[in-house]
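A short worksheet on the structure shown next.
Every chain is numbered from 1, with letters handed out A, B, ... down the list of sequences.
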Number of protein chains: 2
Amino acid sequence: MTKKTSEGADVTARPTMHDVAAHARVGLSTVSRVVSGKAGVSLAKRNAVERAIAELGYSRNDFAHTLRTGSARTIGVVVTRISDPFYSQLIGAIESRAQERDLLVLVASSGDDAAESERVLKRMLSRRLDGLIVVAHEESDVAFLAAEPAAGTPIVFVDRPPVGLHSDVVIVDNERGAADAVRQLVRAGHRSIACIAHTVGRYTSEQRQIGFRAGVRQAGLPDRAELIVEVEDEIDACVEALRELFSLPDPPTALFTTNSRTTKAVLGAMRLMGVHPALIGFDDFELADLMTPPVTTIAQDPWASGEAAAELLFERIAGRGGPERRVVLGTRLITRGSGELPPA
Amino acid sequence: MTKKTSEGADVTARPTMHDVAAHARVGLSTVSRVVSGKAGVSLAKRNAVERAIAELGYSRNDFAHTLRTGSARTIGVVVTRISDPFYSQLIGAIESRAQERDLLVLVASSGDDAAESERVLKRMLSRRLDGLIVVAHEESDVAFLAAEPAAGTPIVFVDRPPVGLHSDVVIVDNERGAADAVRQLVRAGHRSIACIAHTVGRYTSEQRQIGFRAGVRQAGLPDRAELIVEVEDEIDACVEALRELFSLPDPPTALFTTNSRTTKAVLGAMRLMGVHPALIGFDDFELADLMTPPVTTIAQDPWASGEAAAELLFERIAGRGGPERRVVLGTRLITRGSGELPPA
DNA sequence: TTGTAGGCGTTATCAA
DNA sequence: TTGATAACGCCTACAA
C-alpha cells in the first residue's frame, strides 16, 4: 500500500480491493461483492470486509469500475457560460435531478466560440458519459455529434434546437411569449412598440422577433422594420439604439427586449438617458420586482427546462428508443408595472 | 466493432485502439503513440492511423487512460448551491482556469444538509480526482477529508475555512469589509446602525458581525446588542425584523446586511414597508446600480476567489508541498448612494 | 521505427 | 458461499 514516487519519497497510496482482501483474509471477489452490495456473502465475511474497508479507508476506484462495467454514472452539461444566471439555474436543476439517481455532473462552458465548443464537446465524449445535455452555441454545427446517440451517448439539447442534427430537445414557446408581450403593451394603449433584440443568441432572439412581429400584426399595427433593432448587450450600444429609436418621426412609447441580459442593459441605458418608456422583457430576472417601476416580464423557468431535459435524458439512458422528442415549455406573463404604463 | 446487447439487437460499439490498429494495419502501440501525440512514428503510419481514426470515429476511452496513467485530468467543485449567483461565478472562474489546462470540472451541490454534503464529497473522492475545491457547509465536519491530501487528492477550501482540518483556503477579509461599511455610514452622519445578519452561512456571517461591531467601536458608538438581528433571507422575516428595529427607542437610521441574499430580502421588505433607511450590503450584486436609490455594497469578487482557489489547487497538483496556504482577498466599497443617505 | 507483453483495479465467469 | 482467472481499453517498458 505504499509506493515510491519518482522522487523517492514514500507516499501512502490508496488501498485497492487487493489490500482489503488481504487485510480481511478473504478472496478478492468477496470484497467486490461486498463493495457492490451483492448478495451471497456470509455475514461473518461481510463484517470482516467492512471492518477492513473502514480501517484502510478504502473507496472504490471509479475508473476501474467504469472500465469494467461501461457506465460512468456521470452526465455532462455544456452551456455557453456557466456563470449566467439562466444557465446556472439550468445546471442546478439538472444536478439536483442527477443526484437523485446518484449520477455525477460534469459541466463545461463552451464560450462564444464554435471551435472551442467543439473541443469541449469532444473532450466530454471521450469520457464515455451516460448522456449529455447541451446548450449549443448558435453558429456551431453540431453535426459531428450525429453518431453519438447511436454509439450510446444520448444527447438532449436545451434552449435551441441543434443545427444539422435530429435529437431530443427542450425549448420554450418563444414566439407565443413575445406575442404575449406585444398584446399586453397594446392593451395598455401603445401603438408604437420597439423590439430590442440581442444579436448573439441568434435562434431564440430570432424566434422572439418573429413572435414580436406576429403580435404586432395581430394587433392590427403597421409592421415597421425601423422599430426592430439588434444590439449587443452593452449599455453604450443600448443608449445608441434608444437614441435612434426616439428620434424617429413616430417614436416608440414602449419597448420589448428579447432576453434578460438585454433587458438589464436597456434599463441601464434608460436610467442614463432619463427616459421611461413602457417595457416588457423576455426572461424573468432576480430583482425585477424591486426595480422602479417593477419590470414586467415574459418568464421562462430555467429550472423547469433543466428538469425536463434531465427527464428526457434519463429516459434515453434507460433505453427509450423511438423518434426524437421535442418538449415545448410555456412562458408566463408576470405583470409588474413597467408593461402597464400608458403611452406618455 | 459490433456487439449484441442483451436484447439481441446489434449496436455499433465504440471502436477501440485495437480496431484502429487493425483498420490501419499497424501495431497497437503505434496507434497509442499517435493518439498521445508522441514522437517516433513515421509520417506514413501516422497518416494511416489518423485516417483510420477519422473513418472509425474513434476517440480515446478516458477511463482506461486514467486507470493506466493515474490522473483523471479532472477536478471537482462542491458548493452548497450551484444556482446561487455567487457560486456560479466561482464555478465559472474555476472552469475557465481549468479549461486552460485541459482539465474537466465535476460540480455538485452539497445542499444545506451535512449528511448529504458528506455523501457528495465521498462520491467525488471515489473518482480519483486530481483535486477538489470545496465550499463547506457550515456545520459539516469535514475532518473525514483529512486523509485525502496525503492520499493524493489536494483540497482547497473557499469562502470558509474547514472545520477540524488544516488545508489551503481562500477567503475574503470579512471583518475589515464589514468595518468599512460601518465607517462609511458613520461618515454619512449615522449614529444608530443596525446589522441584519443571515443565520445560515454562519462563518462568514459571524465574521462580518464581528467586523460590524469593531467598526461601531472604532467610531466611538455604543455597542448595542439589540441592533444586531439574525434573519432567514425571506422577505417576511425581514419585515418582522425591521418592524422591531424601528420600534426601538433609538431606532436605526442605517442598515448593514451581511450578504447579498439578505440585502435583497431587506430591499424587498423596505419596499413593502415604504421605509428608506440608508443601507450598505456585503456582497455586490447585479442591478445594485439600477435600484432606487442605487445600493452601496462591500464587493467581494467571486471570480477572483475562484481563480485564486484554482491557482492554489494547480500548484498542489503540480506537487507543491509545504504548509497550508491561506489567501485572504480584500473587499471593495462600491459607493452608489444608498450608503450616503444622511439620517432622516 | 515498430510490435509484443504485461498490468492499472474492477467485475463476471466459472469451478470448487 | 467462495476464490481464482480472464477480460475491460489503454500505456509503458522492452525487444525486435
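Computed from coordinates, the Leu67(B) CG to dT11(C) P distance equals 12 Å when rounded to whole Å. Rounding to whole angstrom units, CZ of residue Phe63(B) and P of dT11(C) are separated by 14 Å. Across the protein-nucleic acid pair, Asp62(B) atom CG and dG9(C) atom P stand 18 Å apart, rounded to whole Å. Rounded to whole angstrom, the span from the CG atom of Asn61(A) across to the P atom of dC8(C) amounts to 12 Å. As a whole-Å value, the separation of Met17(A) CE from dG3(D) P is 14 Å.
With hydrogens and angles disregarded, a donor-acceptor distance shorter than 3.5 Å links the side chain of Arg160(B) to the backbone of Ala136(B).
Residues Ile155(A) and Val134(A) are in side-chain contact: their nearest non-hydrogen atoms beyond the backbone lie under 4.5 Å apart. Between Leu145(B) and Leu125(B), the closest side-chain pair of non-hydrogen atoms falls below 4.5 Å. Inter-residue side-chain proximity for Leu106(B) and Thr74(A) is flagged as met; some heavy-atom pair is nearer than 4.5 Å. Contact check for Tyr58(B) versus His23(B): no side-chain heavy atoms found under the 4.5 Å cut-off.
An OP1 or OP2 oxygen of dG9(C) is reached within less than 4.0 angstrom by no side-chain nitrogen or oxygen of His18(A). Residue His65(B) places at least one side-chain N or O closer than 4.0 Å to OP1 or OP2 of dC11(D).
Rounded to 10 degrees, the angle separating the terminal helix axes of the helix from dT1(C)-dA16(D) to dA16(C)-dT1(D), each built from five base pairs, is 40°.
Of the candidate nucleotides dG3(D), dC10(D), dG3(C), dG3(D) has the atom nearest to the side chain of Thr30(A). In the set dT10(C), dC10(D), dG3(D), the nucleotide with an atom closest to the side chain of Lys45(A) is dG3(D). Across dG9(D), dC11(D), dT10(C), the shortest atom-to-atom separation from the side chain of Leu28(B) is found for dC11(D).
Applying the side chain to side chain contact (heavy atoms under 4.5 Å, CB included) criterion to Arg73(B), with sequence neighbours excluded, gives Arg123(A), Ser71(B), Asp102(B), Leu103(B), Asp130(B).
Each of Val170(A), Val142(A), Val135(A) was evaluated against Phe157(A); a single residue qualifies, Val142(A), per the side-chain contact (heavy atoms from CB on, under 4.5 Å) test. In summary, of the residues considered (Asp19(A), Thr16(A), Val26(A)), a side-chain contact (heavy atoms from CB on, under 4.5 Å) with Val31(A) occurs for Val26(A) alone.
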Given Lys122(A) and Ser59(B), is the side chain to side chain contact (heavy atoms under 4.5 Å, CB included) satisfied, shown in steps? CA-CA 8 Å; Lys122(A) 286 193 164 154; Ser59(B) 83; over 6 Å; no
Atom pairs under 3.5 Å, N or O on each side, protein against nucleotides 12-16 of chain D: can you list them with distances?
unit_1, atom_1, unit_2, atom_2, d
dT12(D), OP2, Lys38(B), NZ, 2.9

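Using a 4.0 Å heavy-atom cutoff across all strands shown, Val35(B) reaches no nucleic acid atom at all.
Mapping Gly27(B) and Ala64(B) onto DNA chain C by nearest heavy atom places Gly27(B) at the nucleotide closer to the 5' end.
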